[in-house]
2 protein chains.
Amino acid sequence: MRRPTMEDVAARAGVSRALVSLVMRGSPRVGEARRTAVLRAATELGYSPHAMARSLASATSTVIGVMVSDLRNAFFAEVVEGLDSVIMTEGFDLVINTGARDPSREHRAVQSLLSFRPAGIALLGPVVPSSTIADAADKAPTMLVAHSCALPTVDTVNDDGEAGSELAVSHLAEQGHRSIAHLDGGGGSQAAPRRRGYVSAMHRRGLQPLVVPSEYTDSGGARAVRDLLARGGTLPTAIVAANDFNAVGAISALEEAGLRVPQDVSVVGYDNTSLAALRHVSLTTVDQPRHEMGRLAAEALLERARGQRSEAVHQMLHPALVIRATTAPPPPRG
Amino acid sequence: MRRPTMEDVAARAGVSRALVSLVMRGSPRVGEARRTAVLRAATELGYSPHAMARSLASATSTVIGVMVSDLRNAFFAEVVEGLDSVIMTEGFDLVINTGARDPSREHRAVQSLLSFRPAGIALLGPVVPSSTIADAADKAPTMLVAHSCALPTVDTVNDDGEAGSELAVSHLAEQGHRSIAHLDGGGGSQAAPRRRGYVSAMHRRGLQPLVVPSEYTDSGGARAVRDLLARGGTLPTAIVAANDFNAVGAISALEEAGLRVPQDVSVVGYDNTSLAALRHVSLTTVDQPRHEMGRLAAEALLERARGQRSEAVHQMLHPALVIRATTAPPPPRG
DNA sequence: TCTACTCATTAGAGCGCTCCAACCCTGTAA
DNA sequence: TTACAGGGTTGGAGCGCTCTAATGAGTAGA
């Protein structure tokens with residue numbers, strides 16, 4: 001399984017190693033005859049350049065390292081696709097890693113990425129301490145996605161969670177809802193801005209905010225609704241859930257309690273996961289431009305890697321509301 | 001941003017480069033005094049070994065390349081987690097790549113992985129032509145997950161799709177169902193064995209199989225059920241869907257037609273995705289040991305990489321049925 | 001005291017590639 | 001004819017590391 005080297009190709013084509021190098025890199029100043037001879041020799045031998053040797057010799061890297069905190073989360077998967085689309089066309093290679101939402105494993109994952117001396121790294125929703133981020137940032141251009149950070153050297157790309165909540169509340173208010181509750185995402189990433197956005201959107205309309213502690217899960221959403229029902233009093237006519245999973249859990253708890261969605265209670269999710277699009281669910285939700293986030297992150301990273309920019313840039317993307325079947329005007333007062 | 005090299009550490013610690021190398025690799029035959037001196041110098045300089053230079057010099061690689069055909073698919077994400085758990089503890093590095101289910105992009109992705117001269121590569125649900133696989137296999141130990149292949153040099157790990165269908169049919173038959181339809185996954189990966197398993201399970205029980213063309217999507221499942229309804233005649237009392245998405249689509253179409261699940265029709269999914277576990281869905285489904293598949297794939301790959309085995313090994317894992325709320329005995333004949 | 005042997009340490013070659021400076025052409029101008 | 005371009009081509013150094021063989025310092029045995 002010993003693979004051929006440039007030397008082998010050079011020998012077979014009857015040229016020097018340096019010429020093979022030029023051909024492999026597509027240099028324009030190589031005669032046509034030699035070029036084809038080299039190319040033929042290369043395919044005959046099944047040769048392809050050794051990425052590591054190349055990177056070592058040129059002291060440049062085509063590797064962009066990506067640490068994904070949670071691979072199972074479709075949100076990150078789509079951000080990665082966005083990254084990938086840019087990275088690939090620019091001739092870089094993605095090296096993805098995961099830390100499974102565990103700080104020490106994430107730390108190791110980041111170290112492992114850095115050991116490749118990458119052109120840059122992107123951390124998607126990291127849960128590592130900021131010291132790890134700071135450390136990474138002075139070893140390679142560093143980009144944070146779905147995680148804000150005030151370090152002067154790291155770039156960030158985030159969804160504007162406050163604006164997303166504003167969209168949800170605005171939609172519900174237009175439908176005539178005045179009693180709108182928010183199921184809070186707790187310590188989850190982006191939960192804080194979503195909550196802030198909800199509260200200020202309510203205040204702006206002179207409405208009374210109601211934040212119910214919950215979490216980013218199906219069962220968390222169900223539990224929050226049961227808590228709400230147990231309180232007695234009049235139930236809100238609409239709910240702005242922490243995310244889609246949370247919304248789906250809330251819906252099942254509402255239905256179990258004999259309430260219909262959206263006739264009795266409207267529900268808005270957040271994230272527009274594929275779950276929300278299922279006809280069985282058909283959830284009105286806030287869509288984050290995930291692919292776009294990936295693209296922007298990749299572009300910012302490449303700018304840095306090419307030394308075209310040195311100050312940090314913080315991008316905030318605007319979410320959009322996707323209206324489906326879980327929102328409607330509130331029931332007539334009875 | 002120039003990072004320190006072994007030379008720098010050696011100079012600072014007052015020893016030779018070779019000694020630093022030994023320390024970094026944890027060699028036992030280094031005196032205690034020098035070892036600590038080297039380690040201190042390394043941390044002071046923020047040194048960490050250059051993975052590529054190391055790999056080049058040692059002609060060995062710690063990279064295990066993984067090409068994931070579809071990152072958004074939670075199935076693969078969990079297989080990757082299984083791989084990762086083994087790979088990491090064995091001191092290897094995962095390099096993940098994606099081809100977005102596009103043959104030519106997957107081909108490029110595989111080439112890119114090979115350019116790192118990895119210790120081995122794993123292709124998860126690849127859609128590349130088998131020539132690409134054959135080519136990869138003679139450049140690095142190659143493992144196929146969720147894709148079978150008769151090449152004498154490649155290992156495979158698969159879920160036993162036939163056994164999964166058998167489990168589903170068996171469960172339904174025990175409940176008393178005799179008219180059980182299968183929504184077929186079409187050209188999707190693993191659709192063929194699932195269909196075969198269904199057909200033979202039906203025959204084994206003297207039941208008449210009914211295969212309805214469909215696909216691995218929500219809308220495909222809904223369409224197949226509408227086709228079924230449009231045929232007239234008696235509807236099957238149970239459905240073995242192609243996968244979970246397909247099952248959920250089927251359920252919504254059934255409900256739209258005024259049929260209740262499971263009172264009128266039982267539905268079994270396949271994959272046990274997180275979707276199936278949602279209380280709102282609560283789908284009876286076939287669970288594949290995804291994490292286990294990843295673990296086994298990693299172990300087999302490392303065996304090969306270490307030269308402990310040279311013949312191909314094909315592993316077939318047994319699925320399990322997860323019974324939830326979408327299956328029940330058929331309605332009494334009326 | 002000298003040889004034998006062990007063990008920590010080191011110099012130097014080399015992994016596969018890129019880069020630079022030098023080189024060799026052939027063609028054109030003087 | 002000689003000089004001079006200027007593009008195609010090449011040897012050699014070097015990227016950061018590992019590995020082998022050799023070095024030197026002890027330590028024990030004769």
Side-chain angles (χ1 to χ4, degrees), chain A residues 1-39 41-42 45-63 91 93 114-119 139-140, chain B residues 1-39 41-42 45-63 91 93 114-119 139-140:
Chain A
M1 209 168 290
R2 174 183 169 280
R3 300 193 48 186
T5 74
M6 225 168 223
E7 203 71 56
D8 301 323
V9 176
R12 186 177 189 105
V15 300
S16 72
R17 193 184 58 250
L19 218 231
V20 176
S21 172
L22 289 174
V23 172
M24 296 320 286
R25 282 176 291 153
S27 161
R29 38 171 147 213
V30 175
E32 206 43 55
R34 312 251 178 158
R35 152 165 282 120
T36 53
V38 166
L39 255 20
L45 291 171
Y47 171 80
S48 73
H50 189 312
M52 295 187 172
R54 168 175 284 183
S55 145
L56 185 60
S58 62
T60 64
S61 174
T62 63
V63 170
D93 290 298
L114 289 171
S115 77
F116 284 95
R117 301 295 189 271
K139 292 185 172 159
Chain B
M1 208 167 293
R2 176 183 168 278
R3 299 193 47 188
T5 73
M6 224 167 225
E7 202 71 57
D8 301 324
V9 176
R12 186 177 189 104
V15 299
S16 72
R17 193 183 59 250
L19 217 232
V20 177
S21 172
L22 290 174
V23 171
M24 295 321 284
R25 282 175 290 153
S27 162
R29 37 171 148 211
V30 175
E32 207 42 56
R34 310 253 179 156
R35 151 166 282 120
T36 54
V38 166
L39 255 19
L45 291 172
Y47 171 80
S48 73
H50 190 312
M52 295 187 170
R54 167 176 285 183
S55 145
L56 185 61
S58 62
T60 64
S61 174
T62 63
V63 170
D93 290 299
L114 289 172
S115 77
F116 284 96
R117 302 294 189 272
K139 292 186 171 157

- Item | Rounded distance in Å - CZ (A:Arg25) to P (D:dG8) | 15 Å
- Distance, nearest 0.5 Å, that separates CZ of A:Arg117 from CE of B:Met52: 10.0 Å
- Query: Between B:Ser21 and D:dC17, is there a side-chain N or O to OP1/OP2 distance below 4.0 Å?
  - Reply: no
- Query: Think A:Arg29 has a side-chain N or O under 4.0 angstrom from the OP1 or OP2 of D:dG7?
  - Reply: no
- From CD of A:Glu32 across to C1' of D:dG8 the rounded distance in Å is 13 Å
- Query: Is there a donor-acceptor pair closer than 3.5 Å between any side-chain N or O of A:Ser55 and the backbone N or O of A:Ala51?
  - Reply: no
- Outermost contacting nts on DNA chain C, any atom under 4.0 Å from chain A heavy atoms, listed 5' then 3', are C:dG16 to C:dC19
- Query: Atom CG of B:Leu22 and atom P of D:dT20: how far apart are they, to the nearest Å?
  - Reply: 12 Å
- Looking across every strand, which nucleic acid part, if any, lies under 4.0 Å from B:Arg17 by heavy atom: base, sugar-phosphate, or nothing? base
- Message: I need the CZ-C1' distance between A:Arg54 and D:dG14, as an integer number of Å.
- Response: 17 Å
- Message: Closest-nucleotide mapping onto DNA chain C: is B:Ala53 or B:Ser16 further toward the 5' terminus? I mean the 5' end.
- Response: B:Ser16
- Examine distances only and state if a side-chain atom of B:Arg34 and a backbone atom of B:Ala13 form a donor-acceptor pair shorter than 3.5 Å. no
- Tell me: CG of B:Leu56 to C1' of D:dC19, nearest whole Å? 13 Å
- Is there a donor-acceptor pair under 3.5 Å between the side chain of A:Arg25 and the backbone N or O of A:Ser21? yes
- Query: Rounding to a whole Å, what distance do you find between B:Met24:CE and D:dC17:P?
  - Reply: 9 Å
- Message: What is the distance, to the nearest angstrom, from the CG atom on A:Leu19 to the P atom on D:dG12?
- Response: 16 Å
- Quick one: label B:Ala59 by what it contacts on the DNA or RNA (base, sugar-phosphate, nothing), any heavy atom closer than 4.0 Å. nothing
